[in-house]
Enquirer: 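Dumping the structure here so I can ask a few things about it.
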Amino acid sequence: MKKEETIDYHIKTCWHSISRIYNQQAQKEGITASMGFVLINIHSTEGTAATKIAPMMGLESRSLTRILKSMEERKLILKQPDELDRRSVRIFLTDLGKQKKVVAVKTIKEFNEKVRNALTEKEMTNFFSLFDKLHRVIDLIQK
């Protein structure tokens, strides 16, 4: 089987292209695409438990720890003990973090709008149906 005939090849190359777009935009803002994804997963007013962020993003907690440390150094986030559970840490956005989150959300929305404008409603329905099936197959493989 040629690589161009494999499913994972197309998913991976497409994601790398999308990632480059996001990283170029993020770089203009002085952050990385990974930081942008973290920003959009933190509640703007209530903050988010640090333990909840990695699973939302499909990351290992070790990877998230490095990203959060860098974000804290850049003054994008603040870490505070959870008021209800002192063993837990909540992540809050600083004013700068909130500004960068707005840019990250805008970047994602613009990309998605361009893709949606290029596809028919049927193609969009088929796309989501296909990925739903892929996720189910992946879940079966992982069991």
Side-chain angles (χ1 to χ4, degrees), residues 3-4 6-143:
K3 66 180 179 184
E4 294 83 7
T6 64
I7 293 164
D8 54 321
Y9 170 80
H10 289 281
I11 293 170
K12 186 175 182 177
T13 57
C14 191
W15 173 247
H16 280 294
S17 296
I18 294 168
S19 186
R20 273 193 302 279
I21 291 168
Y22 288 166
N23 268 312
Q24 287 170 351
Q25 284 303 119
Q27 194 173 34
K28 292 177 187 175
E29 295 294 321
I31 63 173
T32 66
S34 295
M35 288 177 184
F37 281 121
V38 171
L39 291 171
I40 65 172
N41 282 287
I42 298 172
H43 193 281
S44 294
T45 55
E46 298 173 18
T48 302
T51 55
K52 303 276 187 204
I53 299 170
M56 287 190 288
M57 297 179 59
L59 284 177
E60 295 291 326
S61 57
R62 289 183 306 270
S63 299
L64 180 63
T65 300
R66 287 190 298 271
I67 296 168
L68 291 176
K69 184 175 191 281
S70 180
M71 292 175 74
E72 195 172 24
E73 289 168 356
R74 294 176 191 215
K75 309 223 182 298
L76 297 168
I77 61 166
L78 296 169
K79 294 179 186 175
Q80 295 180 354
D82 191 303
E83 291 180 10
L84 301 176
D85 181 0
R86 293 285 177 195
R87 298 168 298 171
S88 183
V89 173
R90 289 191 80 73
I91 307 298
F92 291 90
L93 298 175
T94 63
D95 287 340
L96 180 61
K98 289 176 185 177
Q99 291 171 15
K100 302 299 181 183
K101 178 178 180 171
V102 168
V103 175
V105 168
K106 182 178 177 233
T107 299
I108 291 168
K109 283 183 177 180
E110 287 174 355
F111 171 78
N112 276 270
E113 188 176 310
K114 287 177 183 174
V115 172
R116 286 178 177 272
N117 288 338
L119 301 174
T120 66
E121 196 62 41
K122 184 176 181 186
E123 288 171 326
M124 287 299 302
T125 300
N126 289 340
F127 173 83
F128 287 117
S129 175
L130 171 67
F131 273 86
D132 182 52
K133 286 181 182 178
L134 285 172
H135 281 291
R136 283 184 277 168
V137 170
I138 291 166
D139 286 344
L140 287 172
I141 292 169
Q142 290 179 337
K143 287 183 181 179

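Residue numbers start at 1 and run along the sequence shown. Both backbone and side-chain heavy atoms feed into the values below; hydrogens, waters and symmetry mates do not.
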Enquirer: Should the heavy atoms of other residues, nucleotides or ligands under 6.0 Å from NZ of Lys79 be counted, would the total exceed 12?
Expert: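 Yes, NZ of Lys79 has more than 12 neighbouring heavy atoms, counting only those of other groups under 6.0 Å.
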Enquirer: Evaluate the criterion side chain to side chain contact (heavy atoms under 4.5 Å, CB included) for residue pair Leu119 and Phe127; output intermediate values, then yes/no.
Expert: CA-CA 10 Å; Leu119 301 174; Phe127 173 83; 5.5 Å; no
Enquirer: With respect to Val137, which candidate in Asp139, Ile141, Leu134 satisfies the side chain to side chain contact (heavy atoms under 4.5 Å, CB included) definition?
Expert: Ile141
Enquirer: Under 3.5 Å, is there a donor-acceptor pair between the Ser17 and Arg20 side chains?
Expert: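 Arg20 and Ser17 do have a side-chain donor-acceptor pair below 3.5 Å.
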Enquirer: Please set out all donor-acceptor pairs under 3.5 angstrom arising from side-chain atoms of residues 68-77, sequence neighbours excluded.
Expert:
| residue | atom | partner | partner atom | Å |
| --- | --- | --- | --- | --- |
| Lys69 | NZ | Glu73 | OE2 | 3.1 |
| Arg74 | NH1 | Gly30 | O | 2.6 |

Enquirer: Could you tell me the separation between the CG atom of Leu130 and the NE2 atom of His135, rounded to the nearest 0.5 Å?
Expert: 9.5 Å
Enquirer: Report the C-alpha separation of Glu113 and Arg116 in whole Å, then their side-chain angles, then the decisive distance to 0.1 Å, and conclude whether the side chain to side chain contact (heavy atoms under 4.5 Å, CB included) test is met.
Expert: CA-CA 5 Å; Glu113 188 176 310; Arg116 286 178 177 272; 5.8 Å; no
Enquirer: Give the table of side-chain donor-acceptor pairs shorter than 3.5 Å for residues 35-53, with sequence neighbours excluded, one pair per line with atom names and distance.
Expert:
| residue | atom | partner | partner atom | Å |
| --- | --- | --- | --- | --- |
| Asn41 | ND2 | Phe37 | O | 2.7 |
| His43 | ND1 | Thr45 | N | 3.2 |
| His43 | ND1 | Thr45 | OG1 | 3.3 |
| His43 | ND1 | Glu46 | N | 3.0 |
| Ser44 | OG | Lys101 | NZ | 3.0 |
| Thr48 | OG1 | His43 | N | 2.8 |

Enquirer: Would you say Arg136 has more than 12 foreign heavy atoms packed within less than 6.0 Å of its CZ?
Expert: yes
Enquirer: Is any side-chain heavy atom of Gln99 closer than 4.5 Å to one of Val103?
Expert: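 No. Closest side-chain heavy atoms not under 4.5 Å.
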Enquirer: Should the heavy atoms of other residues, nucleotides or ligands under 6.0 Å from CD1 of Ile7 be counted, would the total exceed 12?
Expert: no
Enquirer: Locate the shortest heavy-atom distance separating Ser34 from Ile67; write the atom from each residue and the value.
Expert: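 Heavy-atom minimum between the residues: CB-CD1, 3.8 Å.
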Enquirer: What closest approach, in Å, do Gln80 and Phe92 show between heavy atoms, and which atom pair accounts for it?
Expert: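 Closest heavy-atom pair between Gln80 and Phe92: OE1-CE1, 3.5 Å.
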Enquirer: Give a yes or no on whether Glu60 atom CD has more than 12 heavy-atom contacts from other residues, nucleotides or ligands under 6.0 Å away.
Expert: no
Enquirer: Between Asp132 (side chain) and Phe128 (backbone), is there a donor-acceptor pair under 3.5 Å?
Expert: no
Enquirer: Measure from the side-chain N and O atoms of Asn23 to the backbone N and O of Ala33, and report whether any donor-acceptor pair falls under 3.5 Å.
Expert: yes
